J.: 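Have a look at this one before I ask anything.
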Amino acid sequence: MRHYSRIHGPSQQSQNLKTETRNRREFLLGAGVTIGSAALGSRLFAATCAISPGLIAPHSDSEPVDFPAAALHLGADRSAQPEDAVLPKMRGLMVDAGRLPETLDYYRRVIDYCAEWKLNTLHFRLADDQGSALRFTSVPHLVLHKNAFAPEQLKALAEHAQTRGVDLIPELESFGHTGYITRSPAYSHLLDSQTQGPSEFTGVIPVHPETLLLFNKLYREVAAIFPSIYLHGGCDEVNWGGSELSRQALKTKSRAEIWAEYLNSLHQICVGLGKQLIVWGDFVVHKEPEILPQVNKNIIIMDWDYQEHDSARVRETIRKVASHGLRAIGAPALVNYRWGPRVGTEQLRNIEAFADAYLGEEDPNSLGVILTNWIPCRYVQNSIWDGFFYAAVAFNEGTAAARSSAFRRFVENHYGAMWSDLWSEAFQTIYDVAPSIQKRSTVSGPGLQLRAPWSSDAQLAAVLQIASPIQNPFTRLRSLLGQLEPAVHKNLSDFQAFALSVEALQRLFWRESVVIDEAAKKPLDRKSTDQLIASIRDSDRALARALSKDWDKGRFPDSLAKSELVFGLQPKDQLLFEWMRAADSSALLAGNPERFHQLLAAAKPA
């Protein structure tokens, strides 16, 4: 079970919602579901359309509908284009404002780099379980991020993107990841879950008459802000079927039928707004493939698999989608659930597999590739530009060019430095040794396990059970970066952010190693343990301050993610907050060195 309790004093939750942050299972068990009285199945959708004439009833089958004359990625009217015009394929990045809004200056910088690096698309996630990054005016009482944007702010951002030749595609979660709706008391009756009971993921009730009415309003507002002809509806990682309405609907229709009817209804809302609906492909293509033949052929499938390295298997997915008359967008990942501040070489191979499959051939069913990048508070903001650049080269010039020259060109163009063996070693090392939550083999041996820094007596005791400390590869890497910094003549702050992420990793494993080594000394020397905890305290305090200072440059200084564990996130997902907790913990122990001495004395390695 994941716990999401408050850590530091009174909650700073948005004024729109005073609900305490709870563990997800408790939230699910405690949320009530109001049972509506609408007809089920197809009659439900007809009734919903009758309630709101602005909604278009879903088709009874999955045949395409006549679509408004618009198709170019940059929002141009297809009617102004020659009939045989070849549309540019998407080559783009994703920003996850739904998990953590970052400053508009940062987003403009991402857009400008997209333009410079020949990326024509920026996928902008607006909302998730944590809250909405857009202050909707049409629907009150949603769960909002503290630093959510006004509509005119995002409209200006989208217009800036247009001037740079970048299409800003909005994503609004519409099935799963909808805690921004169902965590609000005003809409908790729309919460659905697994038929087996509470789980990590949830969803809205797809057959509740209010659900489509709500998304009709939300989609209209999003469509008015973003000129892109695409609207991403999310719909991944959904658990539903446990509500009374859903159970009743499942007595007369299969899960696949209800899924397809719901997606087709969202599609019809998009059609009325002149948009094309994109949905994630995990359920539609893989987990419940019976859905795919039943969805409207104009719906676009976004194919994600962050562990796939084989382009042939990625092509199989494209063919599967195409066999049902649909189009697809590839979605590899840089930072994802497996990683913390830095990702491993596996993600470069993932990028390559999708680039080869979706861009390597002139397949009309492939609309291109967008690199996803998840939960910004996992990493130091400006420390991962090298990964974005690598993807840009792979998408535009092919994977062979990316492997042979991407990092060299990044160093020369972005840092204004001359490439050398030291640079080569630094990039090879950081991708080879990046710690992961999963076991991995690397060039240098078994991979490192990603953990949050210990920040309690119990966590320290667990660390002390480790038989022997690891060799810390980040010590050498920090030394390399120290030697390279004088050669950096451009974007020095980005290089320093990269170095800060390496420092955080080096400190993570250092503070584990030094306590294990100290505990192994028999008998323990009290003076030595007192000096050690004081050293750890000073190191933690300096790192937490550096991370906080860097955060404030491009993220909101009053963000909740700095001061408390955010709903739905794990400790490893909040780099700064966990180091602030670690600094508090070591400061307490330094103030009570006898307690630290006792913990080390009681250590019994496994």
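The shown structure was predicted, so the numbers you read here are calculated from the model rather than taken from an experiment. Just so you know, residue 1 is the first one in the sequence shown, and it goes up from there.
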J.: List the residues meeting salt bridge (Lys or Arg N to Asp or Glu O under 4.0 Å) with E290, not counting sequence neighbours, and say none if there are none.
T.: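 Listed in chain order: nothing, the list is empty.
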J.: Is the shortest side-chain N to carboxylate O distance from E308 to R349 below 4.0 Å?
T.: no
J.: Under the ring-ring contact (aromatic ring centres under 6.0 Å, His included) rule, what pairs show up with a residue in residues 312-350, not counting sequence neighbours?
T.: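 Passing the test, one end in residues 312-350: no pairs.
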J.: How would you list, by chain and number, every residue that makes a salt bridge (Lys or Arg N to Asp or Glu O under 4.0 Å) with D421, sequence neighbours excluded?
T.: none
J.: For residues 315-324, pull every pair meeting salt bridge (Lys or Arg N to Asp or Glu O under 4.0 Å), keeping only residues two or more places apart or in separate chains.
T.: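 Qualifying pairs: R315-E361.
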J.: Sequence neighbours excluded, which residues qualify as ring pair (Phe, Tyr, Trp, His ring centres under 6.0 Å) partners of Y113?
T.: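 So Y113 forms a ring pair (Phe, Tyr, Trp, His ring centres under 6.0 Å) with W117, W385, H414.
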J.: Applying ring pair (Phe, Tyr, Trp, His ring centres under 6.0 Å), name anything that partners Y180, two or more places apart in sequence or on another chain.
T.: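 Testing Y180 for ring pair (Phe, Tyr, Trp, His ring centres under 6.0 Å), a comparison that skips the adjacent residues, returns none.
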J.: List the residues meeting ring pair (Phe, Tyr, Trp, His ring centres under 6.0 Å) with H177, not counting sequence neighbours, and say none if there are none.
T.: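 Only F201 meet the ring pair (Phe, Tyr, Trp, His ring centres under 6.0 Å) criterion with H177.
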J.: Could you note down all residue pairs passing salt bridge (Lys or Arg N to Asp or Glu O under 4.0 Å) where residues 367-378 supplies at least one of them, sequence neighbours left out?
T.: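 Sorted result for residues 367-378: R378-D573.
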J.: So, using salt bridge (Lys or Arg N to Asp or Glu O under 4.0 Å) as the criterion, who are the partners of R555 when residues are at least two apart?
T.: E102
J.: Got a sec, which pairs hit salt bridge (Lys or Arg N to Asp or Glu O under 4.0 Å) with one end in residues 379-394, sequence neighbours left out?
T.: R342-D386
J.: Taking only residues two or more places apart in sequence or in another chain, which ones pass salt bridge (Lys or Arg N to Asp or Glu O under 4.0 Å) with R109?
T.: D494
J.: Please enumerate all residues that pass ring pair (Phe, Tyr, Trp, His ring centres under 6.0 Å) together with Y390, with sequence neighbours excluded.
T.: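 For Y390, the residues satisfying ring pair (Phe, Tyr, Trp, His ring centres under 6.0 Å) (neighbours in sequence not counted) are F407.
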